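These notes are about the structure you will find just below.
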Amino acid sequence: MPLVAPTRLDDLVQALAASAFDATFGVSLPAAEFSIQKTRREFAGDRTVVCFPLARHSKAAPDATAEQLGTAMVEAPGPITGFNVVKGFLNLEIAPDYWSEWLMGEAAQDGYGTRPEGTAPHIMVEYSSPNTNKPLHLGHLRNNFLGHSISRILSARGHRVTKVQIINDRGIHICKSMVAWRKFGGGETPETSGLKGDKLVGKYYVAFDQAFKAEVKELVDGGMPQEDAEKQAPILLEAQDALRLWEQGDTDTVNLWKTMNGWVYGGFDVTYATMGVEFDKLYYESDTYLIGKDRVLEGVASGVFDQREDGSVWVDLTGDGLDEKLLLRKDGTAVYMTQDIGTALLRFKDFNDLDRQVYTVGNEQEYHFKVLFLVLAKLGFQQAERCHHLSYGMVELPEGKMKSREGTVVDADDLMEEMFSIARDIAAEAGKLEGLDENAQQEVFQRVGLSALKYFLLKVDPKKNMMFDPKASIDFYGNTGPFILFNYVRGRSVLRKMEAEGIAMPTGDITTPSPDEMEVIGLLHDLPDVIAEAADTYNPSLVANWCYDLTKAYSSYYQDHSILGADDAATRGLRLVLTERFTRALKTGMHLLGIALPERM
RNA sequence: GACUCUGUAGCUCAACUGGAUAGAGCAUCUCACUACGGAUGAGAAGGUUGAGGGUUCGAAUCCUUCCAGGGUCGCCA
């Protein structure tokens, strides 16, 4: 590793504990045996060693063990200046100098908490991956924000990250929109209708469904069983016909397909830009769905997969605790799995240094990805064991699930617009944006509104289902994105005033921190560990919660202490440094969530 | 039915991976400030962590049996 991270306090304390324990009790234990944690607020000290597990090795009671270990650790060279023991917990006091030096050292570095990109292996992150027959909704927002955020988190851990999506651009769903548009559209386009392209195509998807239902009803009324009617409705047959023509490369069909997908991409681009997410490379199912087929057939030849008498191809995963899984239909056509195998192959070919792929896809597909990774391993991809399905739960509405047919979907564009509009109203009331031109104001509304939405969706553990109540709407007060933004803006405002008054940011003399300041400093100090854990567990909510905890601590501190009005220069210096480190670390954390911070709001 | 995830305050969510008295926000009540930016801060109240049993110094967390909910289970993507 070319880049050596500075020794973290917990590692240092752990090492000190291990050597002190050895010196005191004559037992050499690995450093990892010593459990170090932050001392709880209600006790004196900064770090705590849990001594219960050590008693076995010291052959003394936990309290006595803690006493002796504490004494030895204070005597040893290092930053530990005192200790107290409470019921087997050894609370260590760290020299206040340690913290002021840390504030002026590690915490002052550019990119504190992050590693330079390219110092860790190349990872591909897939997210969004929409169908092209309808607009993006609330569920897509969770998906996009998660994928985008984990990309940035991995990149902050030094990984080179390539962000991609697979666009589900072929299949019966888009053919339905095409058929309906041809029948009922009258040549309507996004330009003539004034509708966003994805909204227009979505409209015809709905129109198809209505026409289909009407036809089914008519057939049933004429005496046909429901099941048969649903298979024989003329408009459905038309859509299936369109799919066949598409696969045969029929010019008219392919051209219409290209046109309508083009409309959708135009609409999606607008939505992605508003969301503030982007991609490095796009993959299209229409390009990849045949690739997997060849590899599967090769697999048959080499005996990895089995072909049955009817011609269908299967993989036997019973040895891995799963079932047998279909890879090719008996007519030789590809299934979903075949296509995902093809896409994965293509990606490993496009980027030969790829260490793994991360798929941001809903938790209903957990089984699918388990199978996919096993199949990739069987095909000889060592990367397979590091591939990860970033699985997330549904966003539920109070009435239950979102159902497009029942009109209970929350549209992504509409929701974002609503957030912006709320931000505008609140800002108008606060009146802090006077003097900014309309564009600059709009930029602020967007950042504030988007922060509310992103933070709301990212602060929850991805694997959990979460509740979204459109009536209660998303809050702008309390544990929210705008609260975090507000404190950032306030801190920045103080720093601007500092400059305006000609006060220099201290480079040396600052007082040692008080317990109030230690609340903030302790959280600042956690940042690298938080990023590491978020990356290891693919969990942006850890970063979101850290941002909030830090902000709350600073906000509380801010309330009780005047920064520029401090009694003496050294105290003011510490407070200014604290404010500067706070705004910068917070900016880093929020960036990892894909949230951009305004300077005013 | 099998597998899997979830269940924490009225509601929405945390809990440093087995640690000390389970914490925040919203809602309710009370209070504070010459506002360095009040989209604020402090406090009160609110809990048998779905239920029972087990493991041990110690359990929301691990094991187990139930209960409730979500998801998946060979030719949709």
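None of the values given here were measured: they were computed from a predicted structure. By convention in this document, chain letters (A, B, ...) are assigned in the order of the sequence lines, proteins followed by strands, and residues within each chain are numbered from 1.
A/V530 comes within 4.0 angstrom of nothing in the nucleic acid, heavy atoms only. Among the atoms of the strands shown, base atoms are found under 4.0 Å from some heavy atom of A/E599. Residue A/S562 is in base contact, counting any heavy-atom pair closer than 4.0 Å across all strands shown. Here A/F483 lies in heavy-atom contact (under 4.0 Å) with sugar-phosphate atoms only. Note on A/Y336: a base of the nucleic acid sits closer than 4.0 angstrom, heavy atoms only. Residue contacts shown for A/S556 are limited to sugar-phosphate atoms, with no base heavy atom under 4.0 Å away. Counting non-hydrogen atoms under 4.0 angstrom, A/E285 reaches the backbone sugars and phosphates but no base. Contact annotation for A/K432: base contact, defined as any heavy-atom pair under 4.0 Å involving a base atom.
With rounding to whole Å, A/L372 atom CG is found 18 Å from B/U72 atom P.
Of the options A/Y554, A/Y557, A/Y558, a side-chain hydrogen bond (donor to acceptor under 3.5 Å, both in side chains) to A/T579 is made by A/Y554 and by none of the others. Each of A/D10, A/D529, A/D46, A/D526 was evaluated against A/K38; a single residue qualifies, A/D526, per the salt bridge (charged side-chain N to carboxylate O under 4.0 Å, His left out) test.
Contact check on A/D549 versus A/K552 returns no salt bridge, with no Lys/Arg side-chain nitrogen under 4.0 Å from an Asp/Glu carboxylate oxygen.
Between the side chain of A/Q559 and the base of B/U40 there is at least one donor-acceptor pair of N/O atoms closer than 3.5 Å.
Comparing B/A22 with B/G47, their P atoms are spaced 12 Å from each other, to the whole Å. When the C1' atom is used for both B/G50 and B/C67, the distance is 7 Å, rounded to whole Å. A distance of about 6 Å separates the C1' atoms of B/A9 and B/G46, rounded to the whole Å. When the P atom is used for both B/U64 and B/G18, the distance is 16 Å, rounded to whole Å. Spacing of C1' atoms, B/U4 relative to B/G58, comes out at 30 Å, to the nearest Å.
Judged by the 6.0 Å distance and 45° axis criteria, A/R308 is positioned over the aromatic ring of A/W314.
Side-chain proximity of A/L564 to the nucleotides B/U40, B/C36, B/G37 is greatest for B/C36. Here the side chain of A/R329 is nearest to one of B/A39, B/A77, B/C36, namely B/A77. The A/A430 side chain lies nearest to B/A39 when the options are B/C75, B/A39, B/G25.
In this structure, A/H140 and A/P135 approach most closely via the heavy-atom pair CE1-O, 4.3 Å. Residues A/L54 and A/V49 approach most closely at CD1-CG1, 4.2 Å, considering heavy atoms. Shown here for A/L524 and A/F582, the closest heavy-atom pair between the two residues is CD2-CA, 4.0 Å.
Residues A/Q442 and A/R424 bring a donor and an acceptor atom of their side chains to less than 3.5 Å of each other.
In this model, the phosphate group of B/G41 is approached by a side-chain N or O of A/S555 to a distance below 4.0 Å at OP1 or OP2. When the side-chain nitrogen and oxygen atoms of A/K463 are compared with OP1 and OP2 of B/U6, one or more of them lie within a distance under 4.0 Å. For B/G38, one of the phosphate oxygens OP1 or OP2 lies less than 4.0 angstrom from a side-chain nitrogen or oxygen of A/R490.
Anti is the conformation of B/U72, whose glycosidic angle sits further than 90° from 0.
In this structure, B/C73 and B/G1 make a Watson-Crick or G-U wobble pair, each of the two defining distances being under 3.5 angstrom.
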Handout entry: Nucleotide-resolved protein contact map, nucleotides 12-22 of chain B, B/S/- at heavy-atom distance under 4.0 Å
Key = SSSS-B-BBS-
